[in-house]
Amino acid sequence: MSTALIILGAGMGTRMNSELPKVLHQIGGAPMLVHAMRAGATLNPEKTVIVAGHGAEAVSKAALAYDPDAETVLQTEQLGTAHAVAQAGAALEGFEGDALVLYGDTPFIGSETLEAMAVARGLHDVVVLGFEAADPGRYGRLITKGDALERIVEFKDATDKERAVTLCNSGVIAAKSSVLFDLIAAVGNDNASGEYYLTDIIGIARSKGLSSTVVRCDEAETLGVNSRAELIAAEADFQARARTAAIEDGVTLLAPDTVFFAYDTYLGRDAIIEQNVIFGPNVTVESGAKIRAFSHLEGCHVSQGATVGPYARLRLGAELQENVHVGNFVEIKNAIVAEGAKVNHLSYIGDADIGARTNIGAGTITCNYDGVFKHRTVIGEDVFIGSNTMLVAPVTVGNAAMTASGSVVSRDVPDGDLAIARSRQENKPGFAVKLFEKLRHLKISQNKVQ
Ligand code: UD1
Ligand code: CA
């Protein structure tokens with residue numbers, strides 16, 4: 001059965017007190033909207049339709065960055081969840097499969113849960129995701145009879161007896177797309193909020209002889225974010241789960257609470273992560289690699305046997321091959337560092353290729369930017385770059401070449417050559433002693449004047 005995702009994200013999110021649309025606030029380095037899209041991706045959706053309102057342009061851009069085929073439709077006035085879903089109708093005209101409604105501010109729905117909903121859809125016309133709420137508060141209540149879901153009643157419209165029900169509506173609903181839109185067409189707004197409630201479709205389905213049921217999940221999965229405080233709590237939940245998952249996958253975390261993950265961090269078995277390490281998006285650390293304390297990594301790949309840090313920064317496009325050593329206060333960006341190469345101290349390597357077994361001396365900088373353009377530095381294999389070498393790109397240093405420390409290398413260095421690019425040293429015999437004497441006399445005479 002093919003599936004279309006409809007992700008609601010038009011709400012203003014007033015309680016976030018932010019210019020940024022609520023669904024673009026981030027957890028683990030990705031907008032909440034992307035978390036919802038990733039959750040839905042387990043069902044291999046044929047179509048994804050995002051319902052946006054406030055900040056629709058930015059919402060659309062974020063959706064497209066994750067899935068170039070995602071479509072965004074506009075809900076200019078927020079008249080309720082049924083009205084929101086109705087806006088996706090034109091985009092799904094003629095679509096034969098199932099539609100699954102998700103909320104853009106509910107980032108943690110699990111893949112097993114969505115699979116269980118797909119299975120339940122084989123047996124019922126409409127499937128709602130519910131959960132036993134520790135504190136049911138203002139959630140919609142699910143009124144069931146045996147396996148059947150009879151209707152959903154919103155808190156505002158519920159009787160005391162209905163409010164006593166603890167089985168609550170997560171908002172996630174699945175039905176055949178055409179059925180969903182037929183049901184929504186019958187929804188009115190004669191209720192306590194004057195809104196078009198998506199939840200009304202259950203009662204309507206029943207009156208039409210269609211069957212509905214509930215799939216239950218853990219309350220943690222349906223956690224929604226409405227305020228900054230809830231966003232912080234959701235981030236903490238996400239981090240706690242990511243740490244537990246890494247440990248279960250065989251990663252060594254020396255101080256788990258001080259390691260921060262992104263939504264897509266991949267750490268191989270027996271990788272060692274020391275204290276206070278931060279992973280931005282798109283990082284892969286292979287088995288057995290070691291990330292030492294206080295390092296910051298994003299958009300990079302660290303191969304087996306490599307060590308990074310302490311206090312290292314790997315940025316977008318840093319590719320460390322096997323057994324590479326990157327040491328303290330080293331920044332690497334858009335650079336391939338080949339097998340066994342070492343960049344151990346105080347260096348910036350950007351837009352560069354470093355050959356196998358090459359050693360980059362302390363304080364080396366690839367001068368990659370001329371104020372307008374970026375240029376590449378290419379260094380061969382088995383090269384020795386002397387400390388404090390400035391490599392003015394574009395420049396190439398051949399295999400087994402050397403640079404003298406303190407050199408400013410602006411011309412290519414052929415294989416096997418030594419480049420010395422600094423002024424020649426001159427020694428003045430005894431001059432230091434004379435200079436000291438002169439300066440000390442000057443100091444004494446100045447003190448007398450005062
Ligand atoms: C909704 C459910 C409630 C459920 C709760 C779970 C309805 C009527 N109620 O209530 O049963 O327990 O979610 O969190 O569906 N949105 C739009 N356009 C709109 C209205 C809402 O895009 O016109 C989006 C919001 O941005 C949000 C989601 O839909 O992502 C839910 O809307 P919200 O107003 O928070 O619904 P609740 O009142 O919490
Ligand atoms: Ca809500």
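These numbers were taken from a predicted model, which means no experiment stands behind them.
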*Could you list the residues that satisfy ring pair (Phe, Tyr, Trp, His ring centres under 6.0 Å) with Tyr197, not counting sequence neighbours?*
none
_Residues which pass ring pair (Phe, Tyr, Trp, His ring centres under 6.0 Å) with Phe260, listed by chain and number, not counting sequence neighbours_ = none
*Take the angle between the ring planes of Phe108 and Phe238 and call it parallel below 30°, perpendicular above 60°, tilted in between.*
parallel
*Using a distance-only test with no angle check, is there a side-chain donor-acceptor pair under 3.5 angstrom linking Glu437 and His441?*
no
*Do side-chain atoms of Arg121 reach the backbone of Val127 as a donor and acceptor pair under 3.5 angstrom?*
no
*Check: Ser177 side chain, Glu96 main-chain N or O, donor-acceptor pair, under 3.5 Å*: no
_Could you check whether His54 and Gln78, counting side-chain N and O atoms only, form a donor-acceptor pair closer than 3.5 Å?_
yes
*Which of these passes side chain to side chain contact (heavy atoms under 4.5 Å, CB included) with Val378: Val397, Leu391, Asp353?*
Asp353
*Name all pairs fulfilling the salt bridge (Lys or Arg N to Asp or Glu O under 4.0 Å) condition that reach into residues 310-326, sequence neighbours left out, sorted by first residue then second.*
Glu298-Arg313, Arg315-Glu331
_Under 3.5 Å donor-acceptor, Ser347 side chain and Thr364 backbone_ = yes
_Keeping Glu219 on the side-chain end and Ala134 on the backbone end, is there a donor-acceptor pair under 3.5 Å?_
yes
_So for atom CE, which belongs to Met402, do other residues, nucleotides or ligands contribute more than 12 heavy atoms lying within a distance under 6.0 Å?_
no
*Should the pair Lys333-Asp351 be classified as a salt bridge under the 4.0 Å nitrogen-to-oxygen rule?*
yes
*Sequence neighbours left out, what passes side chain to side chain donor-acceptor pair (under 3.5 Å) with Glu71? Give chain and number order.*
none
*Report the relative orientation of the aromatic rings in Phe131 and Tyr139; use parallel for angles under 30°, tilted for 30 to 60°, perpendicular for over 60°.*
perpendicular
_Carboxylate-amine/guanidinium proximity below 4.0 Å for Glu426 and Arg424_ = no
*Ignoring hydrogens and geometry, is there a side-chain-to-backbone donor-acceptor pair from His25 to Leu231 under 3.5 Å?*
no
*Residue list, side-chain contact (heavy atoms from CB on, under 4.5 Å) with Glu381, at least two apart or on another chain*: Ala356, Arg357, Asn399
*In terms of heavy-atom contacts, does CG of Asn447 have more than 12 from other residues, nucleotides or ligands at under 6.0 Å?*
yes
*Residue pair Val23, Tyr103: steps toward the side-chain contact (heavy atoms from CB on, under 4.5 Å) verdict*: CA-CA 9 Å; Val23 296; Tyr103 290 172; over 6 Å; no
*Among side-chain atoms of His301 and Glu286, is any donor-acceptor pair under 3.5 angstrom?*
yes
*asked:* Just to verify, what does Tyr266 make a ring pair (Phe, Tyr, Trp, His ring centres under 6.0 Å) with, not counting sequence neighbours?
replied: none
